[in-house]
2 protein chains.
Amino acid sequence: MRPKSVEKEQAIRTIALKIIQEEGLENLSMQKLAKAANISPRTIYIKYADKEDLLIKLFIDEVLGEYEKAVLEKFDEKMDFAEGVKRIWLNTFRYFKTNRQAFALMQYGNSSPLLTKAFKERNIQEGQFFAPIHKFYKTNISKKIIKNFPVEVCRALLMSPIFNLMNEYFEHLDRPKQIITERLILESCDVVIKGMII
Amino acid sequence: MRPKSVEKEQAIRTIALKIIQEEGLENLSMQKLAKAANISPRTIYIKYADKEDLLIKLFIDEVLGEYEKAVLEKFDEKMDFAEGVKRIWLNTFRYFKTNRQAFALMQYGNSSPLLTKAFKERNIQEGQFFAPIHKFYKTNISKKIIKNFPVEVCRALLMSPIFNLMNEYFEHLDRPKQIITERLILESCDVVIKGMII
DNA sequence: CAAATATAAGTAAACGTTTATTTACTTACT
DNA sequence: AGTAAGTAAATAAACGTTTACTTATATTTG
């Protein structure tokens, strides 16, 4: 029996993300992807049931999964609150800085119904994409270090600015001067922390 | 000469937004739109040069323009900082609460290359979609009420959480209990304000 | 003041192209 | 030698857009 080619599988994922970042999710087609990866369209269907299956697996494994790994590096839910949030912010900034393609697909998670559905199901079903961070919020709430908000609200208040700044970082890549530096990220993080602590 | 039908023009825009919210931007086609609006595909092309033209005009006029009007209501750039931010947050929450379709397309502004391009060009060219708010930031910076950040960073810190909470609001519509109330929005706003002031 | 005319708005049906996916066949490895 | 992985080419459906024609009304004419 002929074995599956791992390189082809990887090429599909890499090139799909590349097309999504450069041309947008709406301009990714199975035939374009096959041609760019130098394979037959059929080959994609050996590895994925259909386009939806490919996109959901890309989003979950390649984007959410990899980001989760990166964001939790050197993070411990027992960390001091300010320290923990700074760790998360820095990990986020450093990871996406060198993974623009993952960030591009991540952004579609807030708009494309397919991906929001996939995200919701995965998060409810397996429960815990970012469980350590959720625990971190809850611990700091019960220790009365931060205000008592639902975790969704904690995430909105603590995390949405860094994603927005990330966006700003990439938009400034095409301009003469980059204003989003690591230093500015940390200063912004301080603002968010200061607001949150009691 | 036969006059243009205003109702048909309006139907196109309304139904396009409806399809985008219900099925996603990627599932809006000219033929589907025409059928849903009970008109011939050709009619759309009398009013818009092509699909891109339609989408950009929808985004700029129907979404950004209407939101700008709503967000600036009873807002004055000379307002006290906390009061001004609360006004903006409440206007945002109340507007999108009853305009879910506009919010759905707004979200694509952070992912679809077509719309990010349109947004950038419009913002640079005509300059001032949210000029009063930008002035408000700058005034409060020079009065040393808030920290000295570039306006893009002010926007990320002050505005991104309310958009995220808006998203959470709509996701909770399908669930048994709504956790995102006006009260919670105002409490979240206090957090953001507290972080920002010196 | 009504009938005739001009003309853009509108329609139904088609255009060629691209889409996701499949069929029929070949290849490479156990 | 057997078998799943892979290819090239084809499928039907859907895509954005256009063609050829009809309709409705503002203006011109009698």
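Here is the naming used below: chain letters follow the sequence lines, and residue numbers restart at 1 for every chain.
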**Message:** So, taking the atom named CG in L115(A) and the one named CZ in F59(A), what distance separates them when rounded to the nearest 0.5 Å?
**Reply:**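 It is 5.0 Å, given to the nearest 0.5 Å.
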
**Interface limits on DNA chain C, where chain B has a heavy atom under 4.0 Å of a nucleotide atom** =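 Counting from the 5' end, contacts occupy dA6(C) to dA14(C).
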
**Message:** Between P on dT18(D) and CD1 on I46(B), what's the gap in Å once rounded to a whole number?
**Reply:**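 Spelled out: CD1 on I46(B) to P on dT18(D) is 12 Å.
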
**Asked** For the side-chain contact (heavy atoms from CB on, under 4.5 Å) test, which of L105(B), L17(B), N99(B) pairs with E62(B)?
**Response**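 Single side-chain contact (heavy atoms from CB on, under 4.5 Å) partner of E62(B) among L105(B), L17(B), N99(B): L17(B).
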
**Prompt:** How do N27(A) and A49(A) order along DNA chain C: which one's closest nucleotide is nearer the 5' end?
**Reply:**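 Closest to the 5' end, via its nearest nucleotide, is N27(A).
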
**Request:** Please report the C-alpha distance between Y67(A) and F130(A) in whole Å, then the side-chain angles of each, then the deciding distance to 0.1 Å, and finally whether the ring pair (Phe, Tyr, Trp, His ring centres under 6.0 Å) criterion is met.
**Result:** CA-CA 10 Å; Y67(A) 170 57; F130(A) 298 101; 5.8 Å; yes

**Message:** Do Y169(A) and T181(A) pair up side chain to side chain, a donor and an acceptor below 3.5 Å, judged on atom types alone?
**Reply:**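 No, no side-chain donor-acceptor contact under 3.5 Å.
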
**Asked** In terms of side-chain heavy atoms, does S112(B) have a donor or acceptor partner in E26(A) at a distance below 3.5 Å?
**Response**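 Short answer, yes.
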
**Prompt:** So, R155(B) and E168(A), do they make that salt bridge, N to O below 4.0 Å?
**Reply:**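 Yes.
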
**Message:** Is there a salt bridge (Lys or Arg N to Asp or Glu O under 4.0 Å) between R13(A) and E9(A)? Walk through the geometry before answering.
**Reply:** CA-CA 7 Å; R13(A) 294 186 173 223; E9(A) 162 91 55; 3.3 Å; yes

**Within residues 8-26 of chain B, residues whose heavy atoms come under 4.0 Å of DNA chain D** =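 Nothing qualifies; none.
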
**Asked** Can you list, by residue number, the residues of residues 31-43 of chain B that have a non-hydrogen atom closer than 4.0 angstrom to DNA chain D?
**Response**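 Here the set is Q31(B), P41(B), R42(B).
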
**Request:** Determine the interplanar angle of the F103(B) and F170(B) rings, folded into 0 to 90°, and report it as parallel if under 30°, tilted if 30 to 60°, perpendicular if over 60°.
**Result:**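 Tilted.
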
**Prompt:** Going by the angle between their ring planes, with limits at 30° and 60°, are F136(A) and F75(A) parallel, tilted or perpendicular?
**Reply:**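 Correct class here is perpendicular.
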
**Asked** I44(B) near the nucleic acid: base, sugar-phosphate alone, or nothing, with a heavy-atom cut-off under 4.0 Å?
**Response**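 Touches nothing.
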
**Request:** For the pair K57(B) and D53(B), evaluate salt bridge (Lys or Arg N to Asp or Glu O under 4.0 Å) and give the outcome as yes or no after the intermediate values.
**Result:** CA-CA 6 Å; K57(B) 282 179 177 153; D53(B) 184 45; 3.2 Å; yes

